[in-house]
Protein chains: 2
Amino acid sequence: MFFLKDLPTQRMLQRYAAEHPEMDVDKVAAALTMMRRASVLIRALDAYFAAFDLSLLRFLILIVIDREAADARLTIGDIGRRIDVSKPVMTRTLKRLADGGLIDIAPDGADKRSKVVTLTAAGQDRLARTLPGYFKMISGDMATAM
Amino acid sequence: MFFLKDLPTQRMLQRYAAEHPEMDVDKVAAALTMMRRASVLIRALDAYFAAFDLSLLRFLILIVIDREAADARLTIGDIGRRIDVSKPVMTRTLKRLADGGLIDIAPDGADKRSKVVTLTAAGQDRLARTLPGYFKMISGDMATAM
DNA sequence: GCTCCTTTCTTATCATGATAACCATATCGC
DNA sequence: GCGATATGGTTATCATGATAAGAAAGGAGC
């Protein structure tokens, strides 16, 4: 993700508004600001995760598995359904997490098409070490806006 | 961009907060909501732009050139500096816009390293046809939050 | 119990972001 | 004015998102 470094000034938006009556200057300005904020925050998060050999997606996968009840048996599809990402990306990313020893992918006994994904001890540890900085970063970002 | 479809519930955040005192539940919840909103909005925008054979980046480039003073001579680097995107991506994307006839890329007389980028009539037209729906979409999104 | 449709996951391929390393040209210091 | 450094742009390569299409298994209708 990326976005304009210098958002349009109020004056520029008003110039556009004169030509585009369907436009609400305040709402447009708010949306642009939000997208810029999200863009900057997500970049910062990804840089932070990289230090743990994670990405935003790999982190989200760990957290989705972790927050499930202890006896839950999440399949690859279950995880994909909880995150807004396509199936092939899930396949590839889970393989990478498994290669890194952070998750286990095992066949599901009941349905031979499915595979059950669980966190390894290393995965739980990696997540635990990542969380404090993560919460700190997003709290800190919001602190400038609230 | 992508993000959790189901954001953590207040209850789950409080469970994490108990283990992570540095975490401010309200701020974390606000940041997660913002990223989710931005993610959804950007997807919708990209889908909208695709109908005009544009992407968010290609659109931003057109708007950055357009909003400059009529006699401004933006170079490739100038545009890159206004948008949060790397130089090679600018090179590739500008080439694509030029191939599509939406911009002109001409050598700069003064500095032989630089190239000056301008909108063609087709580029201005494409931008003009894209803007109303764009403003409508982001106004509409914000309307649900303001 | 076949046939057909659905579901789960994978493979192949493309689009588009990033960095590293490279020319060509400008500019700075002396 | 010449060597060193900085700047503008490109090429090569990788990371990671998407869609399309297929294999394997499950399930529904008859």
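Note: hydrogens, waters and symmetry copies are ignored here, and every other heavy atom, side chains too, is used. Numbered from 1 within each chain, the chains take letters A, B, ... in sequence-line order.
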Considering the terminal five base pairs at each end of the helix from C:dG1-D:dC30 to C:dC30-D:dG1, what angle separates the two local helix axes, rounded to 10°?
20°

OP1 or OP2 of C:dG17 versus the side-chain N and O atoms of B:Ser86: is any pair under 4.0 Å?
no

A:Ile61 has an atom CD1; how far is it from atom P of D:dT16, in whole Å?
11 Å

Assess whether a salt bridge exists between B:Asp125 and B:Arg129, defined as any Lys/Arg side-chain N lying under 4.0 Å from an Asp/Glu carboxylate O.
yes

Does A:Asp46 reach the main-chain N or O of A:Leu56 with its side chain, forming a donor-acceptor pair under 3.5 Å?
yes

Regarding D:dG17, can its base be found pairing with the side chain of A:Arg92 as donor and acceptor, where the two atoms are less than 3.5 Å apart?
yes

Go through the structure and list residues passing side-chain hydrogen bond (donor to acceptor under 3.5 Å, both in side chains) with B:Asp66, not counting sequence neighbours.
A:Tyr16

Quick one: does B:Tyr48's side chain have a donor or acceptor within less than 3.5 Å of a partner on B:Thr130's backbone?
yes

Side chain of B:Thr93 (C-beta onward), nearest among C:dT16, C:dG17, D:dT16:
C:dG17

Using the test salt bridge (charged side-chain N to carboxylate O under 4.0 Å, His left out), find all partners of A:Arg96 that sit at least two apart in sequence or belong to another chain.
A:Asp53

Could you tell me whether the side chain of B:Lys87 has a donor or acceptor atom within less than 3.5 Å of a complementary atom in the base of D:dG9?
yes

Check: C:dT25 base within 3.5 Å donor-acceptor of B:Arg113 side chain
yes

